[in-house]
Structure formats: structure tokens, C-alpha cells
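As C-alpha cells, the structure follows; a few thoughts come after it.
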Amino acid sequence: MQPVVVPEPDGVVRVVGVGLPGHERRVAMGKLAAVVREAETAAAARPRWTWDDTNRWYPALLSAGVRVERSLDLRLAHRILRQSALVTWPEPDAAQPGRWDGMPPAPLGAGDRDEPAPLFADLVSADVPEPDPVAELQVQNAAVAASPAAGRLRLLVAAESAGALAAVEMYHAGLPWRADVHDAILTEILGPRPRGTERPARLEQLAARIRAALEAPDSLNLDSPGDLLKALGYAGVGARSLRKWELERLDHPVIEPLLEYKSLYRLLTANGWGWVDAWVHGGRFRSEYIVGGVVTGRWASRGGGALQIPKSVRRAVVADPGWTFVVADAAQLEPRVLAAMAGDETMAAAGRGTDGRGADMYAGIVASGAVATRELAKVGMLGAMYGGTTGSSAQVLPRLAKAFPRSLAFVDEAAQAGERGEIVTTHLGRSSPPPGATWHELQAGAYQDDAGESAAAKARSYTRSWGRFTRNFVVQGTAAEWALCWTASIRRRLWALGEAPDAAGGVVPEPFSARPHLALFLHDEVVIHTPTSMAEAVADEVRAAAGEAGELLFGDFPVRFPLSITVANCYADAK
DNA sequence: ATTAAAAGCCAC
DNA sequence: AAACGTGGCTTTTAAT
């Protein structure tokens, strides 16, 4: 059963029961939740709600306490299929880019969720035809069916859509955040919150020490990089830039207070009191996830920087009373994904380790005899996946290439394809964008008769850079696919666990008020907020979900995806 | 006055 | 180590 949700004028929604001829209902927007709730609870086979944009429809359903099991996000699916080298998209569409191309997701948290979603024509210029989700679904189905990789593409589209559900649910539930604890952290590190725009006490003290060490006047503005760099020059410090790693190499009395000043200044500006005021409300931090927002298929975020919460403030992430966190992260996800997609039995075996569990793949690589230390295994593998050409990373690459020829050849081939200007594709079928105008211009310029040395060098540099991109794309993108499947499985399993009989009433909103729910997603890590009594069951499901994700992507290929799991009341205590 | 770019640091 | 991937965000500075 695949109902398609079609917006109509005047706040009316048409629900078309695809697969059920003649079944079609027109309801007011406000009644949609009741229709969905009924179908979710009554149907033997869970419906796959099909709509233009999960962000547009799901928030209102969740606000009404209605949770959806399955969906198809046509906007996200379109983007994947349109770009995929494994799909031949019907040509007439290409001549008329419209609703489904380049459309950003509806923003979350804007306006009243009970209001009808605006029609496309109200959002974009009127000469673009109003989209037809039913027609789009048919085009997508035909395109997928005609692909030699139909199975993988179906999985990818389903996983992406489930990710969209999870993303909206995480926004709905929010990440528990104690503003009072955050304030205590800031006060401890920076001093009490100053009035207005004054510097906190600790920063002021450091500023005085820095000026003294530089013999600079009080008028020196430390927050002006240009002025500060000049002052460092006058004092003979010898800094070419203000980068931390560069300053760390210098020997001068100003370095220590300056580094601390920069660190504290960063905390103040990025995650200080102003951040709490802007992003923490009602004990929750809500940041919007942009599913597939990164070119590789990773998620991006908007508002508050959910994907870059610094370790220094994670102590403010505290579970509600009677609740706790299950924090799980996939150990060495990317090299394991590489081993699997390259069909590298040797590297997969290193990932299983000597005990068959293989919690640490880098230790397994050392045990295999390929390299001497864990650190070398790590930087070597990262170098292979990022395209490192220097340092200790490059030094161990030949040894890794000898020990694991299939994996290393796999990423090398992706890099070479990119250098040739070709498209590369992830395991499930997400393709890289073709190289842009710059690539073509530089290629053309380098081969002209009068092309100078510098034009050729520039072209070479850009070409290699694009090769590093495609090299990384296949690994990062496939890891993102694993993470999507993992997350999709987790959210389904968490729901199946049901309600905690003893859940403390709190601020967790319906439909999750007594249920474990996803609270944070970080590429290869999830944080689940759960009634304490269910924590062990949650941990088991998260582990099972990792196994399921591995099987979905790689079948019975013997690759393991071990997790490191912590149960803790505070995010800072994880790991 | 608004916008864009650059520099820098945070996360994975 | 800082010569290798993907981003978001904040501030300063330059450009329009």
C-alpha cells in the first residue's frame, strides 16, 4: 500500500491510494493526521507514505502525535536517481527542469505546523508547473525498474526516505540540553557571563598577558587578525599566520596565553551564552538536519551546528530524570566499508581480528603484520581514503598496498576515474557530480600550444584535487549509506520495543513520551534518549541494527561493523 | 548598508 | 604533520 499525498489549493490534501484503484480521499490539512493514524494502526501492511518532501508533511503529523513507519520522499529520491550513473532518466524531463530539481527541503520550525503547507506555486515562480507526485512516482518507478542496479537503488531510496523521517523526528524530540549546566561550564572556563559586549574575565586576563608579552599598547585589538599578526611581527615572534598548529611550533612567551585566548574566544563565540540563548529552548537543542545535504550523501545541519558540538560542552547534554542515553558509534566505519565494497577478504579478516569480534580494525591490521603500529595503520588507511601523498601516511601506503591490494586498488581506481573527468558511484548507486567548468577550462588551457608551465601545473593540481574528491566520495558516500540503513533500522526497532511501563513523565513530546528515541546523529554515531529501564534492550537493538545494515549493503560478505556502546546519563561520559 | 570572501576551528 | 576528504559556523575584512 503506497498512498500518495497530493497538496491541493485551499488547504485540501488529496490522498491517492496507489495500488487501490478508485481509492482516493480529499481531506482538510488538519484531518490528515487522523487519516494517517488510522492507516498506520489498522493496516496489516504498513503504508509507504509518498510525498514531495518529508519536511513539509511530517512535522504536523508528529505534532499530532502520529508516527509514520515507512515513507518515500520523492524530492530526495529524485535527486539521487537523476544524478545516478546507474539510471537512465527519461529525456523530456531534462529539457524542463522543474519542481523536482534543485528544490531545497522545506525549513523546519518555521511558522505554525497546523497551517497547510504552501503550494509549490506560492513558493516558486508561477511558470514552473505544479508538480504531480503521482506522475513523479511513476517516472521514478520506471527509471529504477529499468536500471541494472534496481535492487540497490530501491534500498538507497528507502533508506534515504527513512533518514528523512528520522531527521524530522530528531528535530521534533530535540537533544536534551541543560542550559544551567552549560552556563556553569562557561563560567568555570571563561568567568561569569559579562554584561553587554564586555570580554569575560578570563579572556581579559589573557589579553593583558598577551599585550605585555608583545609589549603592545592597550589599543591592540586581539580580535583583529590583521592587527594581531602585525603585532606578532613587531615583537619578532615569527608567525606567518595565526593557525593553531603553526603557533604551536613557535617559541615565544606570547604563544601560550595566545593559544589559550584563541581557544576560549572560540568557545565564547561559537558555543557561548549567545548560542544557548539562540538554540536551547525548553531543555532541548534543536538543529535541523539536511538529509543528503553533503555531496557524498552525508547529512548536513542547519542552525546551531549539531554536527560539530565541541567536546567541551557535551557535559550539558544530560538525560531527563528517569531517562538515560545510549551512545553508539561504529568503530572504523570507513575502512570497513572500503574492505566490503572492494570485496577485500584480507582486509575484512583484519577487521574481524584474532578474536573474531575485531573491535579495533587498526589493531587487526597491525596483527596481520602489514604495519608496525596502530597509529601507522590509522594514518595509512586515512591517507589511502583521503588521497594523502606526504608524511608518515604516504610512507606506509606501499606496505598497505602490498597487504591489501584490493582495497587500495579500489580507491586508486576511483581517484583515476575522477582525474579522467569520469563519474564515480557509491555501492548503492549515488553518483558523484561531473567535474565543473573549472575542470574543463583548466584541461583545455593546459593543452593549448602556448600553455605555460604554470597553466599545466594548475591543471595538474586541480585534476589531482578532483581525483582526491572522487577517491573519498566512494568511501564516504558508502559509509553514509551504511549509516542511513543503520539509522533506519534503529528507528524501526526502537518503536517496536514499545513504551516503557515506568517511564517518568517529562518533557519528551508525543509520540515518544514513553519511548526510546533518536536524539543525535553524527555520521557514524547515534545518541538515543531512552527510559532508563529500556537502556539494555536499546543497546541490543542498536547492535542488531548495525548487523542488519551490513547485510543490507553487503549481503553475506564477511565484514563486521562492531560498535562501541556506552550507557550514560551525560553525553560527555560516553566512550 | 548589504554581501562575499577569507581565515580559522569545530565535528566526522 | 598540517603538503590529504566532507561540512557548519563566526568573525573580520574587502567589495559592491
Side-chain angles (χ1 to χ4, degrees), chain A residues 197 221-230 239-249 258-272 274-275 278-279 287-314 329-335 337-338 375-376 378-397 411-412 414-415 418 424 426 430 432-433 461 464-480 482-483 520-527 571 575:
Chain A
T197 58
N221 179 10
L222 296 184
D223 302 334
S224 165
D227 294 357
L228 179 56
L229 198 54
K230 266 184 226 158
R240 298 206 320 277
S241 77
L242 297 175
R243 290 183 187 90
K244 188 170 69 173
W245 57 263
E246 194 163 326
L247 293 175
E248 277 167 351
R249 298 162 40 155
L258 179 55
L259 286 173
E260 192 177 356
Y261 180 91
K262 283 164 62 73
S263 165
L264 268 50
Y265 182 75
R266 162 83 192 184
L267 173 63
L268 173 69
T269 55
N271 294 98
W275 182 90
W279 299 112
S287 180
E288 186 177 337
Y289 291 103
I290 316 290
V291 174
V294 177
V295 64
T296 57
R298 269 189 178 185
W299 292 10
S301 73
R302 180 163 56 205
L307 298 177
Q308 22 169 157
I309 298 166
K311 299 214 161 61
S312 56
V313 299
R314 292 184 179 184
D329 83 280
Q332 304 94 38
L333 175 59
E334 292 193 346
V337 160
L338 170 58
E375 194 53 30
L376 281 177
K378 182 177 175 179
V379 299
M381 284 310 299
L382 291 176
M385 293 182 294
Y386 290 165
T389 55
T390 58
S392 52
S393 156
Q395 275 178 25
V396 296
L397 274 180
V411 283
D412 279 347
V424 296
T426 61
R430 194 189 306 261
S432 67
S461 161
R464 293 216 174 113
S465 165
W466 194 259
R468 287 193 297 274
F469 164 62
T470 53
R471 168 192 293 270
N472 187 248
F473 183 95
V474 293
V475 180
Q476 187 182 116
T478 304
W482 182 91
L520 184 69
F521 171 86
L522 288 177
H523 306 307
D524 60 358
E525 173 179 346
V526 292
V527 176
Y571 186 27
K575 284 189 270 194

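Only this structure's heavy atoms are used, side chains among them; waters, hydrogens and symmetry mates stay out. Chain A is the first sequence line, chain B the second, and so forth, proteins listed ahead of strands; every chain is numbered from 1.
Across all strands shown, A/Arg302 has heavy atoms under 4.0 Å from sugar-phosphate atoms exclusively, and none from any base. At a threshold of 4.0 angstrom between heavy atoms, the contacts of A/Phe473 with the nucleic acid are absent. A/Ile309 comes within 4.0 angstrom of sugar-phosphate atoms only, judged by non-hydrogen atoms across all strands, and of no base. Residue A/Arg464 is out of contact with every strand shown, counting any heavy-atom pair closer than 4.0 Å. Base contact: A/Gly383 has a heavy atom under 4.0 Å from a base atom. At the heavy-atom level, A/Val475 lies nowhere under 4.0 Å from the strands shown. Counting any heavy atom pair closer than 4.0 Å across all strands shown, A/Leu382 reaches no nucleic acid atom. Residue A/Ser263 is out of contact with every strand shown, counting any heavy-atom pair closer than 4.0 Å. Across all strands shown, A/Gly293 has no heavy atoms under 4.0 Å from either base or sugar-phosphate atoms.
Residue A/Ser301 has no polar side-chain atom (N or O) positioned under 4.0 Å from OP1 or OP2 of C/dG7.
Taking only side-chain atoms of A/Gln476, from C-beta outward, the nucleotide of C/dC4, C/dG5, B/dC12 with the closest atom is C/dG5. Which of C/dG8, C/dT13, C/dC4 sits closest to the side chain of A/Tyr386 comes down to C/dC4. Nearest to the side chain of A/Thr390, among C/dT11, C/dA3, C/dG8, sits C/dA3. If you check C/dT12, B/dC9, C/dT6 against the side chain of A/Pro225, the one that comes closest is C/dT12. When the nucleotides B/dG8, B/dC12, C/dT12 are ranked by their closest atom to the side chain of A/Asp223, C/dT12 comes out on top. Considering only side-chain atoms of A/Leu522, the nucleotide from B/dC9, B/dC12, C/dG8 that sits closest is B/dC12. Taking every side-chain heavy atom of A/Pro310 into account, B/dA11 is the closest of C/dC4, B/dA11, C/dT11. Of all nucleotides listed (C/dC9, B/dG8, B/dC12), B/dC12 comes nearest to the side chain of A/Arg314. Comparing atom distances between the A/Arg468 side chain and each of C/dG8, B/dC12, C/dC4 picks out C/dC4 as nearest. Candidate nucleotides B/dC10, C/dC4, C/dT6 were compared by shortest atom distance to the side chain of A/Val294, and C/dT6 ranks first.
Classified by interplanar angle (parallel below 30°, tilted 30° to 60°, perpendicular above 60°), the ring pair A/Phe521/A/Trp299 is tilted. Using cut-offs of 30° and 60° on the angle between ring planes, the pair A/Phe469 and A/Phe473 is perpendicular.
Mapping A/Ala300 and A/Asn472 onto DNA chain C by nearest heavy atom places A/Asn472 at the nucleotide closer to the 5' end.
Contact of A/Arg298 with B/dC12 (side chain to base): a donor-acceptor pair of N or O atoms is detected under 3.5 Å. You'll find a donor-acceptor pair under 3.5 Å spanning the side chain of A/Arg266 and the base of B/dC9, going by distance alone.
The distance between atom CG of A/Leu307 and atom P of C/dG7, rounded to the nearest whole Å, is 12 Å. Look at OH on A/Tyr571: it is 7 Å from P on B/dC12, rounded to the nearest Å. Atom C1' of nucleotide C/dC9 and atom CH2 of A/Trp279 are separated by 10 Å, given to the nearest angstrom. Rounded to whole Å, atom P of C/dC9 lies 18 Å from atom OH of A/Tyr265. Atom CG in A/Asp227 sits roughly 14 Å away from atom P in B/dG8 (whole-Å rounding). Taking atom CG of A/Leu267 as the reference point, atom P of B/dC9 lies 14 Å away to the nearest angstrom.
Around the CZ atom of A/Arg314, the shell of radius 6.0 Å holds more than 12 heavy atoms that belong to other residues, nucleotides or ligands.
Among A/Leu228, A/Leu258, A/Asp227, the single residue meeting the side-chain contact (heavy atoms from CB on, under 4.5 Å) criterion with A/Leu222 is A/Leu228.
Spacing of P atoms, B/dA5 relative to C/dC4, comes out at 23 Å, to the nearest Å.
Of the charged side-chain nitrogens involved, none lies within less than 4.0 Å of a carboxylate oxygen, so that A/Lys262 and A/Glu248 do not count as a salt-bridged pair.
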